[in-house]
Protein chains: 2
Amino acid sequence: MVDAVVAASRALVGVAARSLAGLEEEVTLSQYRALVLLCSRGPQGVAQLADLLGVSPSTATRMVDRLVTKGLARRHRASRDRRCVTVRVSGVGEALVREVTARRRAEIARIVGSMAPGSHESLVRALSEFARAAGEVPDQSWAWGWQ
Amino acid sequence: MVDAVVAASRALVGVAARSLAGLEEEVTLSQYRALVLLCSRGPQGVAQLADLLGVSPSTATRMVDRLVTKGLARRHRASRDRRCVTVRVSGVGEALVREVTARRRAEIARIVGSMAPGSHESLVRALSEFARAAGEVPDQSWAWGWQ
DNA sequence: CCTTGCATAGTACGATCATTGCATAGTACA
DNA sequence: TGTACTATGCAATGATCGTACTATGCAAGG
């Protein structure tokens, strides 16, 4: 039972990784991670961002620097407390995250389309078949190949 | 249908990322990726490793340097063709990969255990429920947080 | 048989950029 | 003044590439 899910996990991690590779605007994993947070949780302060990413504030500041340089995010000085800076994802940044998501959806759709229907199968059978359709060998435990 | 798998994908990628974080011996994603390849495909030459990782030979050499320095891999000069160097994962490296896999298995087992049985459900229902059990919100599209 | 030339495998070196933390400075609020 | 938030200087590590170099093997020719 667990093995089946683990196999599906390997396949899906591979999908997620490939959807991030070969992007036009090159972003690192850390940068993408920050972008995703800004998209999902909305504008954040630098300290909050650092907390969410699990890094130090200075690291977050520099991360934001790079995102701003690439046009993927913007800084906004809060009018109430001018010490605070709100970081907001830009249109370009949002589009980038959307594209990655679209790629993931597309590849998953392809994999799902290649599966046998089997609507009455158990969860184990379903996940096993999914992993097999994705080209994963259930016995070989590690074939991610992500990035 | 695709949405269900996408939701499961988000959950599983989160699991994979967490299983890699907080390791005693700190390894980067690239290093772990190389280790996994060495574990799954056995000893490899530097060129083959570079090819599998999709990087240049010089990059692979330095990667191997770092792995060897950390005691996670070893170099072996081939006796037949002394130009060739086979890179082999060490016992420590193998243990590291095993630990990451074990963590992943454990977390997946926990998630699976929290699911309703539903052995006769369709694939869509199964994956949807899996994602829900993992605490993923189907509507928010990006909550990876991986490392 | 030996040498010369070419192909292959790996490495060394220099360079760039990203990530990260610590310590510190600057700025704004209370 | 003291506290909070952000930014910056400094430093280390890592990932990555291109180029050049060394070592080895292979094949053709003398």
Side-chain angles (χ1 to χ4, degrees), chain A residues 17 20-23 25-38 43-88 93 96 145-147, chain B residues 17 20-23 25-38 43-88 93 96 145-147:
Chain A
L20 194 50
L23 234 52
E25 175 73 51
E26 296 217 343
V27 287
T28 67
L29 206 54
S30 298
Q31 290 169 9
Y32 182 70
R33 207 178 141 213
L35 273 187
V36 164
L37 283 179
L38 290 177
Q44 301 281 321
V46 175
Q48 295 158 349
L49 201 56
D51 211 51
L52 290 171
L53 293 171
V55 299
S56 67
S58 65
T59 300
T61 292
R62 301 212 143 99
M63 176 77 70
V64 172
D65 286 347
R66 284 182 285 266
L67 291 178
V68 168
T69 299
K70 290 186 175 181
L72 301 174
R74 272 172 296 179
R75 278 189 170 95
H76 297 278
R77 205 101 221 176
S79 49
R80 316 205 166 203
D81 188 337
R82 273 200 290 280
R83 292 172 298 182
C84 300
V85 168
T86 354
V87 184
R88 177 188 297 273
L96 187 145
W146 68 354
Q147 141 46 343
Chain B
L20 195 51
L23 234 53
E25 175 74 51
E26 295 217 344
V27 288
T28 66
L29 206 54
S30 298
Q31 291 169 7
Y32 182 70
R33 206 179 142 214
L35 274 187
V36 165
L37 283 179
L38 291 177
Q44 301 281 319
V46 175
Q48 295 159 348
L49 202 55
D51 212 52
L52 290 171
L53 293 171
V55 299
S56 67
S58 63
T59 300
T61 291
R62 300 212 172 173
M63 176 73 70
V64 173
D65 287 346
R66 284 183 283 264
L67 291 178
V68 169
T69 299
K70 290 186 174 181
L72 301 174
R74 272 171 297 179
R75 278 190 171 92
H76 297 277
R77 205 103 220 173
S79 51
R80 316 206 163 200
D81 189 336
R82 274 200 290 279
R83 293 174 299 181
C84 299
V85 168
T86 25
V87 184
R88 178 188 298 272
L96 187 146
W146 66 356
Q147 180 345 14

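Residue numbers begin at 1 in each chain, while the letters A, B, ... track the order of the sequences.
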The side-chain hydrogen bond (donor to acceptor under 3.5 Å, both in side chains) partners of B/Gln44 (sequence neighbours excluded) come to none
Taken in chain and number order and not counting sequence neighbours, the residues that satisfy salt bridge (charged side-chain N to carboxylate O under 4.0 Å, His left out) with B/Arg75 are B/Asp65
Heavy-atom nearest pair, A/Glu26 first then A/Lys70, reads O-NZ, 2.7 Å
(message) One pair to check against side chain to side chain contact (heavy atoms under 4.5 Å, CB included): A/Val87 and A/Leu67. What are the steps and the verdict?
(response) CA-CA 10 Å; A/Val87 184; A/Leu67 291 178; 5.8 Å; no
Within residues 65-80 of chain A, those residues having any heavy atom closer than 4.0 Å to DNA chain C are A/Arg66, A/Arg80
Is there a side-chain contact between A/Ser30 and A/Met63 in this structure, where contact means two heavy atoms from C-beta onward sitting under 4.5 Å apart? yes
For residues 51-59 of chain B, which side-chain donor-acceptor pairs fall under 3.5 Å, sequence neighbours excluded?
residue : atom : partner : partner atom : Å
B/Ser56 : OG   : B/Ser58 : OG           : 3.3
B/Ser56 : OG   : B/Thr59 : N            : 3.4
B/Ser56 : OG   : B/Thr59 : OG1          : 2.9

### Message
Ignoring hydrogens and geometry beyond distance, is the side chain of B/Arg82 in donor-acceptor contact with the base of C/dG10 at under 3.5 Å?
### Response
no
With sequence neighbours left out, the residues meeting salt bridge (charged side-chain N to carboxylate O under 4.0 Å, His left out) with A/Arg83 are A/Asp81
By nearest-nucleotide position on DNA chain D, the 5'-leaning member of B/Asp81 and A/Ala47 is A/Ala47
Numerically ordered, the residues 48-60 of chain A set in heavy-atom contact under 4.0 Å with DNA chain C is A/Val55, A/Ser56, A/Ser58, A/Thr59
Students should find that the end-to-end axis angle of the helix from C/dC1-D/dG30 to C/dA30-D/dT1, with five pairs defining each axis and rounding to 10 degrees, is 10°
Please enumerate all protein N or O atoms sitting under 3.5 Å from an N or O of nucleotides 2-8 of chain C, with distances to 0.1 Å.
residue : atom : partner : partner atom : Å
C/dT8   : O2   : B/Arg83 : NH1          : 2.9

